[in-house]
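No experiment lies behind these values; they were computed from the predicted model shown.
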Amino acid sequence: QLQLVESGGGLVQPGGSLRLSCAVSGFTLDYYYIGWFRQAPGKEREGVACISRSGGTTNYADSVKGRFTISRDNAKNTVYLQMNGLKPEDTAVYYCAARFSIGTSWCTFLPADFRSWGQGTQVTVST
């Protein structure tokens with residue numbers, strides 16, 4: 001069965017950095033593109049970033065562009081989200097998800113496109 005486990009969340013001051021990890025098992029990572037998502041209290045889940053099967057294409061929400069970087073290491077079955085310049089509005093539970101894909105060089109981060117989800121890791125940005 002497909003499984004994804006997030007880690008790396010925590011409490012950080014505004015302007016600080018965190019790196020989230022998404023460890024996957026039960027499937028071959030290189031057949032999937034991966035998305036990162038977040039959900040703040042009282043808000044709908046929103047897409048943050050995605051990375052294609054090849055790793056050559058990444059897409060970001062406007063709210064995080066220039067601050068967050070998604071990457072993948074297929075040999076380690078792990079996807080990362082480096083978050084710099086964190087703001088209080090980044091506070092949320094962060095989730096990773098996987099989508100089987102025929103194409104190798106594209107991705108989306110619409111929640112409805114994904115079938116397999118992790119349980120999330122809390123990120124809190126506060127003074």
Side-chain angles (χ1 to χ4, degrees):
Q1 187 172 355
L2 281 63
Q3 186 174 16
L4 302 92
V5 179
E6 302 92 339
S7 63
L11 175 64
V12 64
Q13 296 185 60
S17 298
L18 286 173
R19 188 176 77 159
L20 306 184
S21 297
C22 175
V24 304
S25 62
F27 61 96
T28 302
L29 182 58
D30 62 3
Y31 286 101
Y32 295 78
Y33 64 76
I34 303 295
W36 280 99
F37 305 82
R38 65 187 183 187
Q39 189 165 22
K43 302 292 181 63
E44 294 183 345
R45 188 169 299 185
E46 64 175 346
V48 173
C50 69
I51 186 165
S52 66
R53 284 176 56 186
S54 68
T57 299
T58 57
N59 293 302
Y60 299 91
D62 288 342
S63 59
V64 307
K65 196 171 299 181
R67 300 188 296 121
F68 291 10
T69 302
I70 188 171
S71 61
R72 66 191 295 161
D73 187 338
N74 288 358
K76 295 181 179 179
N77 270 14
T78 302
V79 179
Y80 305 95
L81 184 69
Q82 179 67 46
M83 305 186 295
N84 299 325
L86 284 163
K87 305 174 181 179
E89 52 263 43
D90 295 319
T91 296
V93 177
Y94 282 72
Y95 302 87
C96 61
R99 171 69 172 177
F100 178 84
S101 179
I102 300 299
T104 61
S105 301
W106 69 279
C107 70
T108 70
F109 50 78
L110 295 173
D113 288 344
F114 291 80
R115 301 289 183 269
S116 301
W117 294 82
Q119 296 303 305
T121 185
Q122 176 71 48
V123 172
T124 302
V125 185
S126 180
T127 56

Q. Under the 3.5 angstrom rule, does the side chain of R67 hit a backbone N or O of G85 as a donor-acceptor pair?
A. yes
Q. Going from OG on S71 to CZ on R19, what distance comes out if it is rounded to the nearest 0.5 angstrom?
A. 7.0 Å
Q: Can you see which heavy atom on Y60 is nearest to which on T58, and at what distance?
A: CE1-OG1, 3.5 Å
Q: Please answer: with hydrophobic residues joined when any side-chain heavy atoms are less than 4.5 Å apart, are L4 and Y31 in the same cluster?
A: yes
Q: Please confirm whether F114 and Y33 have ring centers closer than 6.0 angstrom.
A: yes
Q. Do V64 and R38 come within less than 4.5 Å of each other through their side chains, counting heavy atoms only?
A. yes
Q. Between V79 and L29, is any pair of side-chain heavy atoms under 4.5 Å apart?
A. yes
Q. Roughly how far, to the nearest 0.5 Å, is the CD1 atom of I51 from the CD1 atom of I70?
A. 5.5 Å
**Q.** Non-hydrogen atoms of V48 and Y94 that approach each other most closely
**A.** CG2-CE2, 4.3 Å
**Q.** Heavy-atom closest pair, residues Y32 and A98
**A.** CD2-CB, 4.0 Å
Q. Quick one: are the ring centres of W36 and F68 less than 6.0 Å apart?
A. no
(Q) Quick check with a 6.0 Å cut-off and a 45 degree axis cone: is R45 positioned over the face of F37's six-membered ring? (A) no
Q. If you count the non-hydrogen atoms of other residues, nucleotides and ligands that lie under 6.0 Å from CD in Q119, is the total more than 12?
A. no
Q: Please report the shortest heavy-atom distance between T121 and G8, naming the atom on each side.
A: OG1-N, 4.2 Å
Q.
Testing the basics here: between S21 and T78, what is the closest heavy-atom pair and its distance to 0.1 Å?
A. CB-CG2, 4.3 Å
Q) Is the closest side-chain heavy-atom distance between C50 and N59 below 4.5 Å? A) yes
**Q.** Min side-chain heavy-atom separation S126-T91 under 4.5 Å
**A.** no
Q) Under 6.0 Å from the CD atom of Q13, do we count more than 12 heavy atoms belonging to anything else shown? A) no
Q: Check whether W117 and V93 end up in the same hydrophobic cluster, where Ile, Leu, Val, Met, Phe, Trp and Tyr are linked by side-chain heavy atoms less than 4.5 Å apart.
A: yes
**Q.** Heavy-atom side-chain proximity of N77 to S25 below 4.5 angstrom
**A.** no
Q.
For V125, run the side chain to side chain contact (heavy atoms under 4.5 Å, CB included) check against L11, L18, V12 and tell me which one passes.
A. V12
Q | Close side-chain approach of R115 and R99, heavy atoms under 4.5 Å | A | yes
Q. Shortest non-hydrogen contact from I102 to R53?
A. O-NH1, 2.9 Å
Q) Do the side chain of S52 and the main chain of C107 share a donor and acceptor less than 3.5 angstrom apart? A) no
Q) Got a second to check how far E46's CD is from Q39's CD, nearest 0.5 Å? A) 9.5 Å
Q: Check the hydrophobic clustering (I, L, V, M, F, W, Y; side-chain heavy atoms under 4.5 Å; chains of links allowed) and say if M83 and Y95 are grouped together.
A: no
**Q.** Under-4.0 Å salt bridge between K87 and D90
**A.** no
Q | Evaluation steps, side-chain contact (heavy atoms from CB on, under 4.5 Å), between L20 and E6 | A | CA-CA 7 Å; L20 306 184; E6 302 92 339; over 6 Å; no
Q. If only atom types and distance count, is the side chain of S54 paired as donor or acceptor with the main-chain N or O of S105 below 3.5 Å?
A. no
Q. Roughly how far, to the nearest 0.5 Å, is OG of S101 from CD1 of I34?
A. 10.5 Å
